[in-house]
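The structure appears right after this line, and notes come after that.
Start at 1 and go down the list; that is how both ligands and their atoms are numbered.
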Amino acid sequence: MKSKTLGQFIIEKQSDFPYAKGELSRLLRDIGIAAKIVNREVNKAGLVEILGETGETNIQGEKVKKLDVFANDQFIAALKAGGEVCAIASEENDEIIPVESEISKNAKYVVAMDPLDGSSNIDVNVSVGTIFSIYRRTSLSGPGTNEDFMQRGTEQVAAGYIIYGSSCMLVYTTGKGVNGFTLDPSIGEFCLSHPNMQTPKMGNVYSINEGNYLHFPEGVKKYIKYCQEEDLVTNRPFSSRYIGSGVADIHRNLIVGGIYIYPTTTKSPKGKLRLLYECNPLAFIIEQAGGKATTGSKRILELDIKELHQRTPLFVGSAEMVDMAMEFMAKNTAEKV
Ligand code: AHG
Ligand code: MN
Ligand code: MN
């Protein structure tokens, strides 16, 4: 075999982990297993009855598709069976899921996740993803509590995403760089395909739902116009690319360079994306790859978290592009977030 498998890589790198090395390795392995199962279902989403809406809504009042529920169930089952987590928080569950079992009584970690990101793309054969974030528990024993999740993003032990795209990739960081693994379907293993991923300091892609333009803060409106201006030196106009699956948009921008913005809007005055299981893990990865992630004025990873499903605006991507967008925001100080 030419390339290292995810399992081999995790074991090789576990000496880097500051704490509970074997446990974290097993936890990452469990996430890899759930990812393969979800990938199998995503791949046949067009074939089976699993596709479609359940008719239920999640806490954000959005439509929940069946594959969201399936992905949620798979990740919860894999995490419970692995015995390394004492609680799970998910976009699909209003409350945390405390884990109480014989095998998890010494569990040291909690996991927060968005089991299926980009769910509006499920039934149109466009990439979707999973986002996960791992923290050490702060409670001492027993099943985990809400408090275990009320930690700043800087406290993350590891974070990653899986993108169910033209190929399936798992990208993760433990705070020592970012590594990407592509699923080789012929052997059913994630293989190291993108070692030490670095995002360009500058790109020429901007990703934002421009349909909301009229509702954006003035700084964002002006930044979009800046992206569209002609300028040879900075290679403008930039290209606009927006899939509507944050994982896929941010993954592409990580590789080619670019900025993804989900700002506040008049309809969503706190932004749309969730801090705990969308923005913090994505911010950790992008910073580890040399990029930046902010609210438009503050570093995402240093935000205080008070609620499980707390929302925040997000400006993430190539460092120089995020800096420039923040300058536009700062010039409109009344709208600072
Ligand atoms: P989810 O499918 O988990 O609700 O998240 C979707 C997120 C993000 O991935 C995407 O970029 C954004 O919401 C799309 O929102 P709009 O349709 O409002 O642009
Ligand atoms: Mn999401
Ligand atoms: Mn989701």
Can [X] be said to touch ligand 1, with heavy atoms closer than 4.0 Å?
| X | result |
| --- | --- |
| K267 | no |
| V128 | no |
| I243 | no |

In the single-linkage hydrophobic clustering (I, L, V, M, F, W, Y; side-chain heavy atoms under 4.5 Å), do [X] and [Y] co-cluster?
| X | Y | value |
| --- | --- | --- |
| M113 | I37 | yes |
| V110 | I103 | no |
| Y242 | V126 | no |
| M324 | Y206 | yes |
| I11 | I134 | no |

Checklist entry - What protein N/O/S atoms sit under 2.8 Å from the Mn ion (ligand 2), by chain and number? => result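 Metal shell, protein only: D114 OD2, D117 OD1, E278 OE2.
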Item to check | For I300, the option from T295, L273, V316 that meets side-chain contact (heavy atoms from CB on, under 4.5 Å) | outcome: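 Single pass found, and it is T295.
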Item to check | Qualifying residue for side-chain contact (heavy atoms from CB on, under 4.5 Å) with Y262, from N212, I208, T312 | outcome: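 Option passing the side-chain contact (heavy atoms from CB on, under 4.5 Å) with Y262: N212.
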Next on the checklist: Angle between ring planes, Y226 versus F238, binned at 30° and 60°: parallel, tilted or perpendicular?
Outcome noted: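 Perpendicular: the ring planes of Y226 and F238 meet at over 60°.
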Considering only heavy atoms of [X], which atoms of ligand 1 have at least one such atom less than 4.0 Å away?
| X | answer |
| --- | --- |
| D114 | 3 (O) |
| L273 | 7 (C), 8 (C), 13 (O) |
| Y242 | 11 (O), 12 (C), 14 (C), 15 (O), 16 (P), 19 (O) |
| G118 | 1 (P), 2 (O), 3 (O), 5 (O), 6 (C) |
| E278 | 3 (O), 5 (O) |
| G246 | 8 (C), 9 (O), 10 (C), 11 (O) |

Ligand 1 contact on [X] by region, counting heavy-atom pairs under 4.0 Å:
| X | value |
| --- | --- |
| S245 | backbone |
| R274 | side chain |
| D117 | both |

Item to check | Closest candidate by heavy atom, reference atom 11 (O) of ligand 1, pool Y260, Y262, Y277 | outcome: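 The nearest heavy atom belongs to Y260.
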Next on the checklist: I need the single residue from D117, N39, T130, N43 that forms a side chain to side chain donor-acceptor pair (under 3.5 Å) with Y164. Which is it?
Outcome noted: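 For Y164, the side chain to side chain donor-acceptor pair (under 3.5 Å) check succeeds only for T130.
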Cut-off 3.5 Å, no hydrogens considered: what does the side-chain donor-acceptor table look like for residues 17-27, sequence neighbours left out?
residue	atom	partner	partner atom	Å
K21	NZ	F17	O	2.6
E23	OE2	K108	NZ	3.1
S25	OG	Q14	OE1	2.4
S25	OG	K21	O	3.1
R26	NE	E84	OE2	2.8

Item to check | Flag for T265-H215: side-chain donor and acceptor within less than 3.5 Å | outcome: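 No, T265 and H215 have no side-chain donor paired with an acceptor closer than 3.5 Å.
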Item to check | Cation-pi, Y260 ring and K292 (6.0 angstrom, 45 degrees) | outcome: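 No, a cation-pi geometry is absent between K292 and Y260.
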